Asker: 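Can you read through this structure? Questions will come right after.
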Amino acid sequence: KAKQQKLLNQQRWIYNNISKCYFSLNQYDSAYANRILFVKIKDSLLNLESNSAIAEMQTKYDAEKKEKDNELLRQQGKIDAIELEAQKVSNQKQWIFIGAGILGILLLTSLALILFKGAKRKQKANDLLIEQKDQISEQKKEIVDSINYAKDIQQAMLPQASTISENFADSFILFMPRDVVSGDFYWTGKRGDSTVISVADCTGHGVPGGFMSMMGSELLNQIVPDQEVKNPSEALSIIDERIKRNLNKAGAEQQRHDGMDLVLCSFNLANEMLEFAGANNHLIRVRKGELETFKAAKHGVGGMHRQNKEYPL
């Protein structure tokens, strides 16, 4: 409305305050744009005031000069006084122009300082942002490299397909981790004349599940070949106790959740005997096109507080 009615003083006040608001919000481009409008209107007001003052003085001068000219016809002696007055008016004009010029220089200098400081702050913020992005990128790369290295370690611990096919020619491995590092694993080993195979699903996924899978694989390496361990059922009971003992330092609440579900099968190919024990994972046998399910215990190994869990053979 102030703009429509050409109210320059109101416009100057509005643009000045809008510029200060944007500056306090660090929106320097908007602050600068409104500051320019403020300066333009201020200059216009100064020009109007100067022109008005000059016109008024010019009118006064002309009137006085006319009066002096008329008086000169009557009183030639007043010519010196008229010339002195004219010189005074001329000096006043010069001072007005000089003052306006100084004010303009001060305004331009102030505006330049504001723009310089704003640009410096913006550049500093951009430099900091670039530095933070570089740090995040480097940290991400280190994390990804570490996870990929953990994957390589886990893959190295898993049995080769050729190791399993030596005893089971008609076999395959389906291993599809949800994350780079898997919480599932498979294992095979020897116990006397028997070949033992296990498939396990550990608590969690990714890196936490990967740690559990490495623990489970190592426990199988320790327990299954032990001749004092009679069968898969007893092996699962020992694994259950070892997991709870190994994770005892994590505290009761964490220990309640950490564990794994698995099947443990011992094949004696010489006498064609299979021994099976399962921890919350069943065994499914396919024979003559029909499926037969051998039930597992309804609890995994580790994790639960209950002692003396059993895993029927």
Side-chain angles (χ1 to χ4, degrees), residues 148-203 205-206 209-240 242-243 259-302 310-313:
N148 287 330
Y149 184 60
K151 173 190 173 183
D152 294 339
I153 295 174
Q154 186 181 50
Q155 290 285 351
M157 296 183 67
L158 294 173
Q160 297 292 322
S162 58
T163 303
I164 297 177
S165 62
E166 287 177 0
N167 296 298
F168 305 97
D170 188 16
S171 63
F172 67 93
I173 299 173
L174 179 63
F175 183 63
M176 301 173 63
R178 192 190 76 171
D179 300 311
V180 178
V181 181
S182 178
D184 303 330
F185 73 97
Y186 56 93
W187 178 92
T188 187
K190 285 287 187 179
R191 185 177 182 278
D193 296 332
S194 299
T195 298
V196 183
I197 292 180
S198 179
V199 177
D201 177 10
C202 300
T203 302
H205 300 279
F211 279 117
M212 287 299 300
S213 70
M214 293 173 68
M215 180 189 297
S217 180
E218 182 60 26
L219 287 175
L220 288 168
N221 285 331
Q222 296 174 6
I223 294 167
V224 171
D226 190 346
Q227 294 300 313
E228 294 184 3
V229 180
K230 298 177 182 178
N231 50 51
S233 174
E234 186 175 340
L236 291 186
S237 296
I238 297 173
I239 291 173
D240 175 64
R242 293 277 181 89
I243 290 176
M260 63 189 72
D261 301 332
L262 59 83
V263 294
L264 190 61
C265 299
S266 177
F267 297 90
N268 190 316
L269 300 180
N271 56 23
E272 297 184 347
M273 176 174 288
L274 165 65
E275 290 181 314
F276 156 76
N280 212 28
N281 270 353
H282 307 310
L283 173 67
I284 299 175
R285 180 174 67 181
V286 181
R287 174 179 288 181
K288 296 180 181 181
E290 295 184 357
L291 300 180
E292 184 179 2
T293 301
F294 294 86
K295 297 291 185 180
K298 295 182 179 180
H299 43 256
V301 292
E310 295 183 355
Y311 304 91
L313 190 64

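One is the number of the first residue; the rest follow in order along the sequence. The structure presented is a predicted model; accordingly, all values stated were derived computationally and were not measured. Below, all heavy atoms of this structure are taken into account, side chains as well, without hydrogens, waters or symmetry copies.
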Asker: A quick test of your reading: do over 12 heavy atoms of other residues, nucleotides or ligands sit less than 6.0 Å from CD of Glu292?
Answerer: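 Result for CD/Glu292: enclosed.
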Asker: Could you pull out all residues at least two apart from Gln154 that satisfy side chain to side chain contact (heavy atoms under 4.5 Å, CB included)?
Answerer: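 Partners of Gln154 by the side chain to side chain contact (heavy atoms under 4.5 Å, CB included) criterion, ordered by chain and then number, come out as Val181, Ser182, Ser213.
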Asker: Hey, are the side chains of Phe185 and Met260 touching, using non-hydrogen atoms and a 4.5 Å cut-off?
Answerer: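 Yes, side chains in contact.
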Asker: Rounded to the nearest 0.5 Å, what separates atom CG in Leu291 from atom CZ in Arg285?
Answerer: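 Leu291 atom CG to Arg285 atom CZ measures 11.0 Å (nearest 0.5 Å).
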Asker: Could you tell me whether the side chain of His282 and the main chain of Ala296 form a donor-acceptor pair under 3.5 Å?
Answerer: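 Indeed, once roles are kept as given, a pair shorter than 3.5 Å links the two residues.
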Asker: Between Ser194 and Ser266, which heavy-atom pair has the shortest distance, and what is it?
Answerer: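 The answer is CB-OG, 3.4 Å.
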Asker: For atom CZ of Phe211, decide whether the heavy atoms of other residues, nucleotides or ligands shown that lie under 6.0 angstrom number more than 12.
Answerer: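 Atom CZ in Phe211 is not crowded, with 12 or fewer foreign heavy atoms closer than 6.0 Å.
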Asker: How long is the gap from CE on Met157 to CG on Asn221, to the nearest 0.5 Å?
Answerer: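 Between Met157 CE and Asn221 CG, I get 6.5 Å after rounding to 0.5 Å.
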Asker: Determine the minimum heavy-atom distance between Met176 and Leu174, stating which atoms define it.
Answerer: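 Closest approach of Met176 to Leu174, heavy atoms only: SD-CD1, 3.6 Å.
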Asker: Please answer whether the main-chain N or O of Val263 pairs with a side-chain N or O of Ser198 as donor and acceptor at a distance below 3.5 Å.
Answerer: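 Checked: pair present.
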Asker: Any idea which heavy atoms bring Ser165 and Ser162 closest together, and the distance?
Answerer: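 What the structure gives for the nearest pair is OG-O, 3.0 Å.
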Asker: Rounded to the nearest 0.5 Å, what separation is found between the CD1 atom of Ile173 and the CG atom of Leu158?
Answerer: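 One finds 8.5 Å between CD1 of Ile173 and CG of Leu158.
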Asker: Check each of Leu264, Asn280, Ile239, Leu236 against Tyr311 using the side-chain contact (heavy atoms from CB on, under 4.5 Å) test, and report the only one that passes.
Answerer: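 Only one option passes, and that is Leu236.
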Asker: Would you name the heavy atoms of Leu274 and Phe267 that are closest together and state the gap between them?
Answerer: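 Looking at all heavy atoms of both residues, the closest pair is CD1-CE2, 3.5 Å.
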Asker: How long is the span from the CD1 atom in Ile197 to the OH atom in Tyr186, to the nearest 0.5 Å?
Answerer: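 Reported to 0.5 Å precision, the distance equals 11.0 Å.
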Asker: Return yes if some donor-acceptor pair links the side-chain N/O of Thr203 with the main-chain N/O of Gly259 below 3.5 Å, else return no.
Answerer: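 Checking the backbone N and O of Gly259 against the side chain of Thr203, a donor-acceptor pair under 3.5 Å is found.
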Asker: Would you compute the distance between atom CE of Met214 and atom CD of Glu218 and round it to the nearest 0.5 angstrom?
Answerer: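 Rounded to the nearest 0.5 Å, the CE-CD separation comes to 9.0 Å.
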Asker: Residues in salt bridge (Lys or Arg N to Asp or Glu O under 4.0 Å) with Glu290, at least two apart?
Answerer: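 Scan of Glu290 (salt bridge (Lys or Arg N to Asp or Glu O under 4.0 Å), adjacent residues dropped) gives none.
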Asker: Please determine whether the number of non-hydrogen atoms from other residues, nucleotides or ligands lying under 6.0 Å from atom NZ of Lys190 exceeds 12.
Answerer: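 Result for NZ/Lys190: enclosed.
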Asker: Measuring from Asp184:CG to Asp261:CG, what's the distance to the nearest 0.5 Å?
Answerer: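 It is 10.0 Å, given to the nearest 0.5 Å.
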Asker: Can you check whether Asn167 reaches Leu269 side chain to side chain, under 4.5 Å on heavy atoms?
Answerer: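 Yes, side chains in contact.
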Asker: Other residues, nucleotides and ligands only: do more than 12 of their heavy atoms fall within 6.0 Å of CD on Gln160?
Answerer: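 Check fails, neighbour count at 12 or below.
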Asker: Answer whether the closest heavy-atom distance between the side chains of Gln222 and Asp226 falls below 4.5 Å.
Answerer: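 No. Closest side-chain heavy atoms not under 4.5 Å.
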Asker: For the residue pair Thr188 and Phe168, establish whether any side-chain heavy-atom pair is separated by less than 4.5 Å.
Answerer: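 No, too far: nothing below the 4.5 Å cut-off.
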Asker: Counting neighbours of CG on Asn271 that are heavy atoms of other residues, nucleotides or ligands and sit closer than 6.0 Å, is the number greater than 12?
Answerer: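 Correct, the count exceeds 12.
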